[in-house]
Amino acid sequence: MKKLMLGNEAVARGAYEAGVTVVSSYPGTPSTEITEYISKYDEIYSEWASNEKVATEVAIGASIAGARSMTAMKHVGVNVAADPLYTASYTGVNGGLVLMVADDPGMHSSQNEQDSRNHAKACKVPMLEPADSSECKEYVKRAYEISERFDTPVMVRLTTRVAHSQSLVELDEREAYELKEMKKDPSKYVMMPAMAIKRHVFVEERMRDLATFAGESDLNRMEINDTKIGVIAAGITYQYVKEALPEASVLKLGMVHPINADLIREFASKVEKLYVVEELDPFIEEFCRAAGIDVIGKEVFTLLGEYTPALIRKAVLGEEIPAANVADEPVPNRPPVMCPGCPHRGTFYVLHKLGLTVCGDIGCYTLGAAAPLSSIDACVCMGASIGMAHGMEKARGKEFSKKAVAVLGDSTFIHSGITGLIDVVYNQGASTVIVLDNSITGMTGHQQNPTTGYTIKNEPTSSVNLIDLAHAVGIKRVVVADPFDLAEFERVVKEETASGEPSLIIAQRPCALLKNVNYGAPCEIDPQKCVTCKMCMKLGCPAIVYKDGKMHIDQSLCDGCELCTRVCKPGAIRKAGGSNE
C-alpha cells in the first residue's frame with residue numbers, strides 16, 4: 001500500500017518498520033513532527049526530553065541496552081547534543097542508533113544556517129541524506145543496517161523542503177527486531193583515556209571501511225545522460241537539478257559522509273564539465289578539490305539560503321526560467337508577529353516602557369525584538385539569556401542589574417536555563433530573570449514539556465514546580481505575576497530589578513491558542529470615544545489597525561483578550577456587543 005506522507009512522517013514510518021524501541025527528542029522546527037508521528041505508534045516508546053543532550057543520552061543508553069533507538073532534532077540541537085554524540089562515535093553501538101537532524105537553509109525558523117554535514121565529519125560518523133519522503137523511510141531503515149554492521153551511530157540529514165514536503169511512500173510491515181544481548185564491556189563503553197585511545201583506532205578503521213562501502217552502495221548512483229554537463233547533488237538539490245537540468249548526467253549521493261573519491265573520479269571521467277550543487281557549505285566541493293578532482297561549485301552558486309531550479313539553471317546555463325503564477329501587484333511582506341492574545345505581549349510592553357536592557361531567548365518571545373515592542377537587545381541560543389545578563393552585570397557593575405533582565409520561556413528554562421540561574425546565584429550576581437510561563441512549548445506547535453504535567457502521549461505525569469526549583473538553587477525572591485495586569489506587572493519588575501539580589505519573575509498566562517483558553521467575544525472600538533492617540537498600536541497586536549484616519553479592530557483576528565483595554569485611557573475599547581462603561 002502507498003500513502004502520501006510528509007518527509008518527517010515517513011521518517012517515523014521508517015523507525016516503526018525498522019523495529020525501533022526507544023525514541024527521545026526535543027522539539028525544533030523543522031524536525032518536530034518526526035517524534036510527534038512516532039508517538040502514534042504504540043510499539044515505540046517515545047518521549048520529549050528536557051533538551052537534545054539528554055535525548056541523545058537516552059538514545060545511547062537504549063542502544064547499549066540492545067534496542068534500536070533514535071533521537072531527532074533541528075540543526076542547532078546538534079550543538080547541544082554534540083557532547084555525547086562525539087563520544088558515542090567512539091563507543092559505537094549495540095542496537096542501531098540513528099540521529100535525525102533537520103537543517104534549515106533559508107532560516108525559516110532558526111537563528112543560523114549551519115550545515116550539519118560538518119558535524120558528521122567532525123564526529124566521524126556516517127551521514128545519509130534522502131531526497132524525498134520515500135527515501136526518508138527507506139534511508140532510516142538502511143541507517144539501522146549500517147549502524148549495526150559498522151558499529152556506529154548514523155546521522156540522517158533532512159532539510160526543511162524534504163522534511164515538510166509530501167510524496168508517495170510504500171508501506172511495509174514492522175520488522176520483528178529482537179533486543180540484542182547486553183554485555184558488560186568497559187573497554188567499549190567506558191570512555192576513559194586508556195579505553196578511548198584504543199577506540200579511536202577503531203573509529204579511523206571504520207571510516208575507511210565506510211568510505212569503501214560508499215563506493216559500492218546503491219545509496220549512491222550515477223544517472224548518465226548528456227555527458228557535456230555532470231552534476232553531483234544530494235537531498236533536495238537532487239530534485240532541483242532534475243527539474244532545472246533534465247538533460248544533465250547526475251551523481252546522486254545518498255551517503256554524504258564519508259564520500260568515496262574513486263566514485264567521484266569515475267563519474268568525473270564520464271562528463272566534460274562537473275558541477276557540485278549543494279546548499280549551504282561547500283562540503284562535497286571541498287572533498288572533491290582535496291582529492292584533486294576539478295569541480296565547479298561555490299564560485300557560481302551562493303553560500304546563502306535555499307536554492308531553486310531557476311537559480312541552478314541560470315548558474316549552469318545562463319538561462320532564465322520564467323516565473324510562474326506571479327502576481328501583477330507587489331505583495332507586501334508579512335513578518336512574523338505574536339498572535340492576538342499572546343501572553344508575552346504584556347511582558348514586552350512593560351519592558352519597553354521601562355527602557356530596560358533585555359537579554360532574550362529562542363521561542364515565540366523572540367518576536368519581542370520586533371517593532372513596536374522593540375524590547376529584546378540580544379538573543380543567541382536557547383538558555384543563553386540568563387548567562388548573557390549575568391555577563392553584562394559582571395562587565396558593567398552590579399548597578400547594571402537594575403537596568404537589565406533576562407527573558408526566556410518555561411520550556412527553554414528547563415532546556416538550558418536552569419544552569420544559568422545556578423551560575424547567577426553561585427557567583428553572587430543580581431540578575432532578574434523572567435520566565436514566560438505560557439503552559440506549553442509554543443513556537444514549535446504546542447508540545448508538552450516537564451512543566452506542563454503531561455507526556456508526549458498526554459499521559460498525566462509529575463510537573464516541575466518552578467517556584468520550588470528557584471528556591472532550591474538559592475533564589476530567595478520569586479514572584480508569580482500576570483503579564484496582562486500591566487500596572488501590577490510593571491510594579492513587580494521595578495521592585496525586583498531594584499532589589500540588588502537575584503530574583504525570578506514567573507510571568508504566568510497560558511498561550512492564547514491552547515484549546516482551553518477562551519476569552520469570549522472579540523473587542524471593538526467606540527469611534528465616539530476614540531481620540532486616535534494610537535496607544536493601542538504600541539502593543540503590536542495584528543488585530544489592531546489604523547485605516548482611513550481611524551483605529552479599527554479586525555474582529556476576524558481579535559480573540560478578545562482585552563489587553564488593549566488596559567492601555568486605552570479614553571476607554572474607547574470594549575467587548576463587541578457590550579459596554580465599556
Side-chain angles (χ1 to χ4, degrees), residues 6-7 30 75 102-110 112-115 117 129-135 157-168 221-254 256 264 267-289 293-336:
L6 285 174
H75 60 291
D103 285 5
D104 191 18
M107 293 183 284
H108 299 283
S109 56
S110 306
N112 68 30
E113 282 188 299
Q114 74 184 46
D115 189 327
R117 295 177 298 175
E129 184 168 352
D132 59 26
S133 298
S134 179
E135 287 189 350
R157 178 188 188 236
L158 308 180
T159 56
T160 302
R161 296 301 170 187
V162 174
H164 287 165
S165 61
Q166 293 181 316
S167 60
L168 286 173
R221 67 173 185 263
M222 296 185 197
E223 300 174 0
I224 304 299
N225 296 307
D226 188 337
T227 56
K228 290 182 180 178
I229 295 175
V231 181
I232 304 173
I236 195 61
T237 58
Y238 167 77
Q239 305 289 9
Y240 296 157
V241 167
K242 296 295 287 183
E243 182 177 340
L245 307 168
E247 67 283 358
S249 294
V250 180
L251 173 57
K252 180 187 182 298
L253 296 182
V256 294
I264 304 291
F267 181 69
S269 71
K270 296 177 183 292
V271 299
E272 296 178 21
K273 188 178 288 188
L274 181 56
Y275 291 84
V276 176
V277 181
E278 54 186 333
E279 291 177 331
L280 303 181
D281 293 344
F283 186 84
I284 300 170
E285 177 187 343
E286 288 178 352
F287 174 87
C288 293
R289 294 192 189 282
I293 302 167
D294 187 26
V295 296
I296 302 168
K298 294 301 180 183
E299 63 264 46
V300 297
F301 296 107
T302 179
L303 287 159
L304 309 176
E306 293 183 294
Y307 288 3
T308 63
L311 180 151
I312 293 168
R313 190 167 182 88
K314 183 175 182 180
V316 175
L317 300 179
E319 298 176 5
E320 300 278 357
I321 296 179
N325 301 319
V326 177
D328 294 332
E329 299 295 327
V331 179
N333 290 328
R334 295 187 64 186

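Note that this is a predicted model, so its numbers are computed, not measured.
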Item to check | Asp115/Arg157 under side chain to side chain contact (heavy atoms under 4.5 Å, CB included): CA gap, chis, key distance, verdict | outcome: CA-CA 10 Å; Asp115 189 327; Arg157 178 188 188 236; 3.5 Å; yes
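Between the Arg313 side chain and the Glu319 main chain, no donor and acceptor come within less than 3.5 Å of each other. Within the 3.5 Å criterion, the main-chain N or O of Val271 finds no donor-acceptor partner in the side chain of Thr227. At distances below 3.5 Å, at least one donor-acceptor pair connects side-chain atoms of Asn225 with backbone N or O atoms of Ala248.
Arg161 has no carboxylate O lying under 4.0 Å from a charged side-chain N of Glu279, or vice versa, which leaves the two without a salt bridge.
Considering every non-hydrogen atom in both Ala244 and Pro309, the closest pair reads CB-O, 3.2 Å. Nearest heavy-atom pair, Leu253 versus Ala234, reported as atom, atom and distance to 0.1 Å: O-CB, 3.2 Å. The shortest heavy-atom contact between Pro30 and Ala163 is O-CB, 3.6 Å. Residues Ser133 and Gly7 approach most closely at OG-N, 3.2 Å, considering heavy atoms. Closest approach of Leu280 to Lys298, counting heavy atoms only: O-NZ, 2.9 Å. In this structure, Val277 and Thr237 approach most closely via the heavy-atom pair O-OG1, 3.2 Å.
By the 4.5 Å heavy-atom criterion applied to side chains, Ser109 and Asp104 are counted as neighbours. Using a 4.5 Å cut-off on side-chain heavy atoms (C-beta onward), His108 and His164 make no contact. Residues Ile284 and Arg117 form a side-chain contact, since some pair of their non-hydrogen atoms from C-beta on lies under 4.5 Å apart. Residues Pro130 and Leu158 are in side-chain contact: their nearest non-hydrogen atoms beyond the backbone lie under 4.5 Å apart. Side-chain atoms of Leu303 and Pro282, non-hydrogen and from C-beta on, do get closer than 4.5 Å to each other. Residues Ile296 and Phe301 have side chains not in contact (no heavy-atom distance under 4.5 Å, counting atoms from C-beta outward). Contact check for Ser110 versus His75: side-chain heavy atoms found under the 4.5 Å cut-off. A 4.5 Å side-chain heavy-atom check between Ser249 and Phe267 finds at least one atom pair inside the cut-off.
Annotation: Lys228, atom NZ; neighbour count of heavy atoms from other residues, nucleotides and ligands within 6.0 Å does not exceed 12. By the 6.0 Å contact criterion, NZ on Lys242 is enclosed, its count of non-hydrogen atoms from other residues, nucleotides or ligands being greater than 12.
Asp226 CG to Glu272 CD: the interatomic distance, rounded to the nearest 0.5 Å, is 8.0 Å. If you take CG on Leu274 and SG on Cys288, they are separated by 6.5 Å, rounding to the nearest 0.5 Å. Remark: Phe287 CZ to Ile264 CD1 distance equals 6.5 Å, nearest 0.5 Å. Note that the CD atom of Glu285 and the CD1 atom of Ile293 stand 12.0 Å from one another [nearest 0.5 Å].
The only option from Glu129, Glu278, Glu223 that meets the side chain to side chain contact (heavy atoms under 4.5 Å, CB included) definition with Tyr238 turns out to be Glu223.
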